[in-house]
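Structure first, then comments.
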Amino acid sequence: MQRFSVPSPSSYRLNPITSMATRSGSLIWFRKGLRVHDNPALEFASKGSEIMYPVFVIDPHYMESDPSAFSPGSSRAGVNRIRFLLESLKDLDSSLKKLGSRLLVLKGEPGEVLFRCLQEWKVKRLCFEYDTDPYYQALDVQVKDYASSTGVEVFSPVSHTLFNPADIIEKNGGKPPLSYQSFLKIAGEPSCAKSELVMSYFSLPPIGDVGNLGISEVPSLEELGYRDDEQADWTPFRGGESEALKRLTKSISDKAWVANFEKPKGDPSAFLKPATTVMSPYLKFGCISSRYFYQCLQNIYKDVKKHTSPPVSLLGQLLWREFFYTTAFGTPNFDKMKGNRICKQIPWNEDHAMLAAWRDGKTGYPWIDAIMVQLLKWGWMHHLARHCVACFLTRGDLFIHWEQGRDVFERLLIDSDWAINNGNWMWLSCSSFFYQYNRIYSPISFGKKYDPDGKYIRHFLPVLKVYI
DNA sequence: GTCAAGTTGGTATA
DNA sequence: TATACCAACTTGAC
């Protein structure tokens with residue numbers, strides 16, 4: 001069980017630093033974790049290093065425009081998420097510049113680019129946040145092998161999540177808990193509950209000689225091959241750590257709201273002022289630290305007489321994220337029906353025309369179509385709205401494979417997260433975690449309940465304005 | 001074997 | 001407007 005033996009961040013700190021006399025400096029490789037605050041990889045890279053190379057690698061497959069895709073974007077991501085990522089990188093670059101550093105942007109296949117950097121710059125340390133997604137699990141093995149074979153010390157702390165999923169799986173006897181309540185019991189309190197987080201710096205080490213590796217500034221959308229008129233109604237959510245911290249501060253400024261938050265009671269049709277914090281895209285890219293978010297919530301809970309609890313509370317939402325990260329990490333083929341031991345095997349229908357109608361917001365059910373248009377235009381919709389369209393596509397109405405709905409969400413959501421997206425699609429299709437298939441979200445009455453005047457539907461389906 | 005499980009719709013009742 | 005309750009379901013945890 002090699003993949004579960006990941007040391008905790010604290011044990012890394014105790015390791016002696018083994019530097020080679022001929023090497024100097026460190027390289028911090030940003031992937032997620034696009035922030036300065038509470039970033040242990042950045043902290044370790046900057047400590048005791050005279051020079052530091054902050055690197056982000058643009059993978060053209062992920063970032064560059066693919067005109068053959070079903071919506072504007074790259075082959076793997078919608079343009080809303082690409083833009084969110086670019087904004088996050090610009091903000092990170094600007095924060096680093098204020099501290100005497102900058103973001104070095106390189107283009108190419110990430111592993112190959114990184115090997116070239118390590119060769120050229122002869123750093124003694126490579127630091128990057130540990131990542132449980134299969135893409136990084138595979139890539140990071142190669143990178144770690146390469147680094148250790150060339151005498152580079154690797155520091156890869158767990159800081160994207162509150163818990164190390166491997167720890168929880170180990171505590172549970174080698175398998176992830178499959179119910180939320182048992183997850184809570186096993187997980188207990190995260191270590192960040194009592195630790196102090198490094199939130200800011202006076203300065204960071206300067207960058208060294210970058211050689212001839214094709215370093216650039218953070219590119220614009222146009223430079224990646226997108227036309228600026230490609231999407232008229234952009235997502236209203238701006239990327240970046242600064243925006244994330246502002247949004248968090250504002251979201252939790254109303255202590256009574258935080259204390260009384262109950263996710264199921266939110267209004268999925270509220271779009272001018274969403275019923276939730278909309279912190280998910282910032283958590284996805286690590287523009288905000290989940291551990292800082294956790295501490296902010298605990299400080300508020302301490303100050304109020306009573307507050308809601310998981311699973312429905314705001315803290316409960318952070319823990320849902322941990323739950324899915326843990327089950328995803330401990331389940332082979334988590335993103336597939338076949339070969340996935342926790343997924344019910346269901347003979348789903350093949351229907352490309354219906355799938356396309358669902359995807360493009362053309363089912364004829366205004367409530368369903370408005371939600372899908374919000375997804376296309378904004379890359380975000382309320383959690384319950386996601387439930388409605390996922391139920392509709394799978395067990396509720398069309399009986400189409402959850403993997404096909406998952407693909408559409410994965411591409412279009414600005415907060416698209418591998419573990420959470422796959423977990424929720426299995427949940428909604430009654431393939432795993434939840435099995436009460438007789439509980440169906442009505443594509444008509446559910447919308448009427450929350451949007452009786454059709455304000456939401458009219459906003460995202462303006463063609464209906466004349467009728468309702 | 002028993003119990004509990006975040007997030008349904010519809011109806012009855014206060 | 002809010003709440004209670006029923007119908008009819010499977011599975012994980014213990």
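Below, chains carry the letters A, B, ... as their sequence lines are ordered, and counting in each starts from 1. Predicted model only: the values in this text are computed from it and were never measured.
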Between dA7(C) and dG6(B) - P atom distance, rounded Å: 23 Å
Need one value for Phe433(A): base, sugar-phosphate or nothing, where a base atom within 4.0 Å counts as base even if backbone is also close, heavy atoms only. nothing
Do Tyr130(A) and Asp140(A) have side-chain N/O donor and acceptor atoms under 3.5 Å apart? no
Pairing donors with acceptors under 3.5 angstrom, does anything connect the side chains of Asn172(A) and Lys175(A)? no
Per-nt protein contacts along nucleotides 6-14 of chain C (heavy atom under 4.0 Å; B base, S backbone sugar-phosphate only, - none) come out as --BBSSSSS
Name the nucleic acid region contacted by Glu262(A), choosing base, sugar-phosphate or nothing; use a 4.0 angstrom heavy-atom cut-off, strictly under. nothing
Between Thr235(A) and Asn80(A), do the side chains contain an N or O donor and an N or O acceptor separated by less than 3.5 Å? no
Does the ring center of Tyr450(A) lie less than 6.0 Å from the ring center of Trp367(A)? no
From the 5' end of DNA chain B to its 3' end, which nucleotides mark the outer limits of contact with chain A, defined by a 4.0 Å heavy-atom distance cut-off (strictly under)? dG6(B) to dG10(B)
Considering every strand and a 4.0 Å limit on heavy-atom distances, what is the contact class for Ile440(A): base, sugar-phosphate, or nothing? sugar-phosphate
Strictly by modelled atom types, are Tyr441(A) and His387(A) linked by a side-chain donor-acceptor pair under 3.5 Å? yes
Pairs counted as Watson-Crick or G-U wobble with both distances under 3.5 Å: what dot-bracket string results for DNA chain C, using | for bases tied to another strand? |||||||..|||||
Under a 4.5 Å cut-off applied to non-hydrogen side-chain atoms, are Ile400(A) and Trp358(A) in contact? no
Salt bridge or not between Arg35(A) and Glu129(A)? Use side-chain N to carboxylate O under 4.0 Å. yes
Checking side-chain polar atoms at under 3.5 Å, does Arg406(A) have a donor or acceptor matched by the opposite partner on Asn421(A)? no
Whether the His160(A) and Arg321(A) side chains hold a donor-acceptor pair (N or O, under 3.5 Å, no angle test) is what I'd like checked. yes
Lys/Arg-Asp/Glu bridge criterion (N-O < 4.0 Å) met for Asp415(A), Arg386(A): yes
